[in-house]
Amino acid sequence: MSTFFPYSTAPPDSPHAAGQALTLRQLNGLVRQVLKSQFDAPLWVQAEISELRVASNGHCYLELIEKDPSGRTPAAKARGIVWSRTWPGLRMRFEESTGQRLAAGIKVQALVTVEFSEVYGYSLTLLDVDPAYTLGDLARRRREILRRLEEEGVIDLNKELPLPPLLQRIAVVSSATAAGYGDFLRQLEENPYRLRFRTELFPALMQGEGVEESILAALGAIADRSEEFDAVVIIRGGGAVSDLAGFDTYLLAAACAQFPLPLITGIGHERDDTVIDLVAHTRVKTPTAAAQFLITHQREQLDRLAALARTLQEETRTLLHLHGEALRSAGERLTGGMPRFLARQEALLARLQAEATHRAGALLARHRQQQAALAYTAGLRLHKRLEAEKSLLALHPPRLRQAARQLLLRHGHALALIGQQAQAADPARILRRGYTLTLSGSRIVTSARQVTPGECLRTRFHDGTVRSRVLPDEKQP
Amino acid sequence: METRTKEKETYTTALKRLQEIVNELEEETIDVDELTKKLAEAQRLLAFCKKKLVKTEEEVQKILETMQ
């Protein structure tokens, strides 16, 4: 080390005598010479850009910094410059390789020469920047953040939120002046399906210093009113290059991952996803694509409604058709079934009738049979009885004949006697003796009192009859 | 805020209800007696949901006028 500062310890033989003070210019000149001799060739240095601005003269001025392990306080700082003749080419090469703008917040590995100016002091001139280092660093940083989110178990939380059927009330995190924001609004407004959207802008810085804080504040404001929104869209102007380093922070990624509403990012970066792209619910390339995503989602809802309407129609038709068929077949069965039913009833009746007739016949036959049996029995008895009587009678004739003979004999005697008596009483004998028989009509008059004057009487004699009329009495006794 | 929440709920519930009716129809569990009623309800729900999604002719006309 001592060789770097030969004059301070042992002033050499020089125009400047010992004890004689140097002018500032002399000192700075010496410093410059020493530095020049020690750093005679360009060398690679790794640092973070903390400030960067391109002056109107085309030179690019930066501040390089190295933070201490806590990441908060600077451990080293240096001014840097990219000369205007180097800057355009350097910038282009870097941006083409990384897709990343050279800006504050990114780490670079730069080829520098160490400069010292008596007036401006220590500075570094950047001759080149290695894109691979920056890419590697950004990737490493993202990996780090993602690993941490994963460990905390929050990395997929936003992705797992269900998209509501209605994505209509959109909170937009963007810069009001960003071209991307205008594109987004226009795309939404001019959607061909006349879908309605309502957006509210929560302004935030989308590049440079303060991106993290600004977006966190916007997200905080949305979270306070999360009931009023269906989703959050984070968008920024597109372009091939951007300074996305501001998005790759742990705090922002953690806030996004755990955000209560679905996040849709359209950060406009073509090469790499930022960590918030990786944790967001849906990631699209551009603000226009973000609008298109919303339109498509709503359009799907329309289609879903249309499909439901179609299904309703079809199913209703099917249902009505089915019911119609059922009715028709029921009707057919009814009309077809009626004659069958009637025929069945008739057959039943006929059978009943036949059965009844049969039963009646059988009953009659049985009765007849019974009667016949009775009659037979009765006849048999009668016959027996007759036979009995006959045989009884058969005993009688001889006795009868004898009895009759005796009876006749007896009667013969009686008759002979009666004949004799009858002969004696014969009226003709009496009449011949001079007696007459007076008759009034056919009545025998036996008393004078039996006749009335004028009455015609007949008087029988033994040899004839005389007719006479009764004269009135001459002298009534 | 409350009405908005309710609106959101209503679209979701309307959609759900619509799906239910379609399911009933598909499963043929719907009564013919209820069919007309259900269809009318479905039609109303459809109109409601569509109105939520899409600006009506009138509104569009108004917007176009203000643009001129």
Side-chain angles (χ1 to χ4, degrees), chain A residues 162-171 185-186 188-198 200 222 224-231 261-262 294-327 330, chain B:
Chain A
L163 273 186
L166 215 55
L167 273 184
Q168 202 165 41
R169 303 167 303 157
I170 313 297
L185 289 185
R186 202 170 319 110
L188 276 192
E189 191 52 46
E190 291 172 4
N191 81 79
Y193 316 111
R194 294 176 174 175
L195 294 164
R196 46 170 95 216
F197 294 96
R198 199 171 65 242
E200 183 173 336
I222 296 166
D224 287 343
R225 294 165 52 201
S226 64
E227 288 290 304
E228 297 175 43
F229 299 102
D230 300 322
L261 292 171
L294 296 174
I295 291 166
T296 304
H297 181 274
Q298 294 299 84
R299 169 74 209 177
E300 280 165 8
Q301 285 296 309
L302 270 184
D303 290 345
R304 189 172 164 196
L305 287 181
L308 281 173
R310 251 196 326 279
T311 314
L312 268 175
Q313 271 184 352
E314 282 163 15
E315 291 300 330
T316 304
R317 226 173 269 141
T318 308
L319 197 70
L320 286 177
H321 180 71
L322 278 176
H323 280 283
E325 279 293 297
L327 261 183
Chain B
M1 194 158 119
E2 209 165 279
T3 53
R4 278 178 184 157
T5 311
K6 203 178 154 196
E7 272 174 30
K8 185 182 173 184
E9 282 303 307
T10 311
Y11 178 86
T12 311
T13 50
L15 199 64
K16 210 172 130 214
R17 178 81 192 108
L18 202 53
Q19 188 67 58
E20 276 171 14
I21 294 176
V22 169
N23 288 350
E24 281 177 43
L25 267 171
E26 278 177 339
E27 285 158 23
E28 287 162 27
T29 54
I30 225 164
D31 235 309
V32 174
D33 291 334
E34 289 174 40
L35 188 58
T36 317
K37 213 172 75 196
K38 291 270 165 94
L39 274 183
E41 188 187 352
Q43 191 261 333
R44 188 186 60 74
L45 291 168
L46 270 170
F48 170 81
C49 287
K50 200 164 174 199
K51 200 179 160 206
K52 281 259 147 198
L53 285 171
V54 183
K55 295 172 210 157
T56 59
E57 196 70 40
E58 240 171 81
E59 280 174 276
V60 172
Q61 206 56 45
K62 223 179 278 173
I63 292 164
L64 290 178
E65 275 165 24
T66 57
M67 278 175 178
Q68 282 163 358

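Proteins get letters first, then strands, A, B, ... in listed order; numbering begins at 1 in each.
- Comparing A/L319, A/L320, A/T311 by how many heavy-atom pairs each has under 4.5 Å with chain B, the most go to A/L319.
- The side-chain contact (heavy atoms from CB on, under 4.5 Å) search around B/E20 returns B/K16, B/R17, not counting sequence neighbours.
- Taken from CG in B/L46 to CG in A/L308, the straight-line distance is 6.5 Å, to the nearest 0.5 Å.
- Across B/V22, B/I21, B/L45, the residue that shares the most heavy-atom pairs under 4.5 angstrom with chain A is B/V22.
- To the nearest 0.5 angstrom, B/L25 atom CG is 4.5 Å from A/T316 atom OG1.
- Interface remark: B/L35 contributes side-chain atoms only to the contact with chain A (heavy atom separation under 4.5 Å).
- Among the candidates A/R196, A/Q168, A/R304, A/E315, the residue making the largest number of heavy-atom pairs closer than 4.5 Å to chain B is A/R196.
- Annotation: the span from B/E26 atom CD to A/T318 atom OG1 amounts to 9.5 Å, rounded to 0.5 Å.
- The most heavy-atom pairs under 4.5 Å with chain B, out of A/R194, A/Q313, A/E314, come from A/R194.
- Of all residues spanning residues 294-302 of chain A, those with a heavy atom less than 4.5 Å away from chain B's heavy atoms are A/Q298, A/Q301, A/L302, arranged by number.
- A/L166 CG to B/L15 CG: the interatomic distance, rounded to the nearest 0.5 Å, is 9.5 Å.
- Taking NZ of B/K52 as the start and CG of A/L195 as the end, the distance is 14.0 Å to the nearest 0.5 Å.
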